[in-house]
Amino acid sequence: MSVTAEGFRQDLREFARLAETRYDPDVVDALLAALAGGWAESWLAVRTTTHPPPVRQVSARFMNLPAALDPVGQLRAAGLLGFDGHPMEELLAEVSAAVPVDWGVDLAVDSGVQKIWTAFPDLISVDRIVSFPGMPASARAHAAHLNRWGGGEIALMAVDFVNRTLNLYTQILRPGQLAATDIATILRELDFVAADADELSALAWPYTVYATFDWTSPSIQRICFPARYTAETFPALDPVLTRFVNGAPFAGPGRPRGFAFYAAYGPTERYYKVQADYTSAARQTLPGGVGVPQSR
């Protein structure tokens, strides 16, 4: 079953209703028009967070966009992505010129483009990624941390044009590669809020770890652990996420449905995220040539 613009618009409105957030049709229509050459063939997902309603947003995620689409160029030409000389622009250009990338875009359905993703079909070493011009100094300073807890290789990079931050994602982890005791150790080493027993149980099989950096602080801003679930097994840790999962629209009956639960930690707070597959992940390939981890 192919995804239609009208069906996707309708379902994004429902996702926004479930999350009690705004939906701006002009914002969504502009993005779909700018990426008209390939968005419907991308891996589509929709996410939200447990932030309070004034801050909470629903985001549509377009992954594995065709390289020929040139999403950054298309979004800039449409006036949906502005460049103003920030180092993140140089970083995106340098990385994408040096290594093969698959592109992705996050769109907040109430405000516009949030993140630009580069996924690395051939994993890139931590030492190489942090050496690129434009990389935050804090990421370079934490190379040892990234090497220790991510197997030394990076699978994805996400540049947040709204918050001016950078996420670096480890390679896809094997089940059991990162244990609950490891998560507790990571948080303790960073002097972040500790995970409670329910969170550690929900994160028993994280499939990656990502750290968030910015260009103004020497510290890791946040660290996040995602795990895959079905609707039936999704952790009941927050009513916002439960409502979102139970009511999530899906593009086509009969396809396996998957969700990702994320727990994000910082120096003073934690919050949760949920990502709902809108199109099936069954035939998608992740960086390093692996399939999407099975949902628990």
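Only a predicted model underlies this, so the values are computations on that prediction, with no experimental measurement involved.
Residues Leu203 and Phe261 are in side-chain contact: their nearest non-hydrogen atoms beyond the backbone lie under 4.5 Å apart. Residues Ile186 and His145 form a side-chain contact, since some pair of their non-hydrogen atoms from C-beta on lies under 4.5 Å apart. Asp11 places a side-chain heavy atom less than 4.5 Å from the side chain of Tyr278. Looking at Leu241 and Phe259, their side chains never come closer than 4.5 Å, going by heavy atoms from C-beta outward. With a 4.5 Å cut-off on side-chain heavy atoms, Phe250 and Thr279 do not count as touching. Between Leu18 and Asn246, every side-chain heavy-atom pair lies at or beyond the 4.5 Å cut-off. At a threshold of 4.5 Å between non-hydrogen side-chain atoms, the residues Ile223 and Thr212 do not count as touching. Side chains of Arg47 and Phe15 form no contact here, defined as non-hydrogen atoms less than 4.5 Å apart.
Electrostatic pairing of Glu189 and Arg148 counts as a salt bridge here, judged by a charged N lying under 4.0 Å from a carboxylate O. With respect to the salt-bridge test (charged N to carboxylate O, under 4.0 angstrom), the residues Asp277 and Arg228 qualify. Look at Asp84 and Arg164 and you find a salt bridge, because one of the NZ, NE, NH1 or NH2 atoms lies within 4.0 Å of a carboxylate O, short of that distance.
Remark: Arg17 fails to qualify as a cation-pi partner of Tyr23 under the 6.0 Å distance and 45° angle criteria applied to the six-membered ring. Taking the ring centre of Tyr265 as origin, the terminal cationic atom of Arg270 falls outside the region bounded by 6.0 Å and 45° from the ring axis.
Using modelled atom types and a 3.5 Å distance limit, the side chains of Ser295 and Thr230 yield no donor-acceptor pair. Side-chain atoms of Ser59 and Gln114 form a donor-acceptor pair, as typed in the model, at a separation below 3.5 Å. Using modelled atom types and a 3.5 Å distance limit, the side chains of Thr165 and Asp214 yield no donor-acceptor pair. In this model, no donor atom of one side chain and acceptor atom of the other lie less than 3.5 Å apart for Glu153 and Thr170. Side-chain contact check for Arg222 and Tyr271: at least one donor-acceptor pair (N or O, by modelled atom type) lies under 3.5 Å.
When all heavy atoms are compared, the tightest approach of Ile154 to Phe120 is O-CD1, 3.7 Å. When all heavy atoms are compared, the tightest approach of Ser138 to Ser217 is CB-O, 3.2 Å. Contact between Phe8 and Ala60 at its shortest, heavy atoms only, is CZ-CB, 4.1 Å. Of all heavy-atom pairs between Gly38 and Pro66, the closest is O-CD, 4.0 Å. The minimum heavy-atom distance between Pro293 and Leu286, with the atom names listed, is CD-CD1, 3.6 Å. Considering all non-hydrogen atoms of both residues, Ala119 and Leu156 come closest at CB-CD2, 3.9 Å.
Of the residues listed (Gln221, Met157, Lys115, Met88), the one engaging Leu166 in a side-chain contact (heavy atoms from CB on, under 4.5 Å) is Met157, and it is the only one. Of the options Asp102, Asn64, Asp106, a side chain to side chain donor-acceptor pair (under 3.5 Å) to Trp117 is made by Asp106 and by none of the others. Considering Thr21, Thr49, Asp110 as possible partners of Gln57, the one that fulfils the side chain to side chain donor-acceptor pair (under 3.5 Å) test is Asp110.
Between the side chain of Trp215 and the main chain of Gly134, a donor-acceptor pair closer than 3.5 Å is present. A donor-acceptor contact shorter than 3.5 Å links the side chain of Glu89 to the backbone of Gly85. Checking side-chain atoms of Asn147 against main-chain N and O of Ala143 turns up a donor-acceptor pair under 3.5 Å. Between the side chain of Gln171 and the backbone N or O of Gly150, at least one donor-acceptor pair lies under 3.5 Å. Distance alone, capped at 3.5 Å, is enough to place a donor-acceptor pair between the Arg257 side chain and the Ala248 backbone. Looking only at distances, no side-chain donor or acceptor of Gln74 sits under 3.5 Å from a matching main-chain atom of Pro71. Thr233 places no side-chain N or O within 3.5 Å of a backbone atom of Tyr229 that could act as its donor or acceptor partner. In terms of modelled atom types and a separation under 3.5 Å, the side chain of Glu199 and the main chain of Asp196 share a donor-acceptor contact. Of the possible donor and acceptor atoms, none in the side chain of Ser201 sits under 3.5 Å from a partner among the backbone N and O of Ala197.
Between the CD atom of Gln275 and the NZ atom of Lys273 there is a distance of 9.5 Å, given to the nearest 0.5 Å. Taken from CG in Leu65 to CH2 in Trp103, the straight-line distance is 10.5 Å, to the nearest 0.5 Å. Taken to the nearest 0.5 Å, the CD1 atom of Ile220 stands 5.0 Å off from the CG atom of Leu190. Leu237 contributes atom CG, which lies 8.0 Å from atom OG1 of Thr242 (distance to the nearest 0.5 angstrom). We find the CE-CZ distance between Met135 and Arg140 to be 7.0 Å, quoted to the nearest 0.5 Å. Between Arg9 atom CZ and Leu32 atom CG the span is 6.0 Å, to the nearest 0.5 Å.
Following chains of ILVMFWY side-chain contacts shorter than 4.5 Å, one can reach Ile116 starting from Trp39, so the two form part of one hydrophobic cluster. The hydrophobic cluster containing Val58 does not contain Tyr262, counting ILVMFWY residues as joined when their side-chain heavy atoms lie under 4.5 angstrom apart, directly or transitively. Both Leu107 and Leu69 are assigned to one and the same hydrophobic cluster, defined by single-linkage of ILVMFWY side chains at heavy-atom distances under 4.5 Å. Tyr210 and Trp205 fall into different hydrophobic clusters, where Ile, Leu, Val, Met, Phe, Trp and Tyr are joined by side-chain heavy atoms under 4.5 Å apart, directly or via other members. In the hydrophobic clustering of ILVMFWY residues, with side-chain heavy atoms under 4.5 Å counting as a link, Leu123 and Met63 come out apart.
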Pair Val109, Asp24 - check side chain to side chain contact (heavy atoms under 4.5 Å, CB included), show working. CA-CA 6 Å; Val109 302; Asp24 186 330; over 6 Å; no
Step by step, would you call Asn167 with Asp160 a side chain to side chain contact (heavy atoms under 4.5 Å, CB included)? CA-CA 8 Å; Asn167 294 344; Asp160 188 327; over 6 Å; no
Test side chain to side chain contact (heavy atoms under 4.5 Å, CB included) on Val95 and Ile129 and set out the steps. CA-CA 8 Å; Val95 169; Ile129 194 72; 4.2 Å; yes
Step-by-step side chain to side chain contact (heavy atoms under 4.5 Å, CB included) determination, Phe83 to Phe161: CA-CA 9 Å; Phe83 277 23; Phe161 275 76; 3.6 Å; yes
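Atom CG of Asp191 has 12 or fewer neighbouring heavy atoms from other residues, nucleotides or ligands inside a 6.0 Å radius.
In summary, the aromatic rings of Phe225 and Tyr207 are positioned with their centroids too far apart to meet the 6.0 Å limit.
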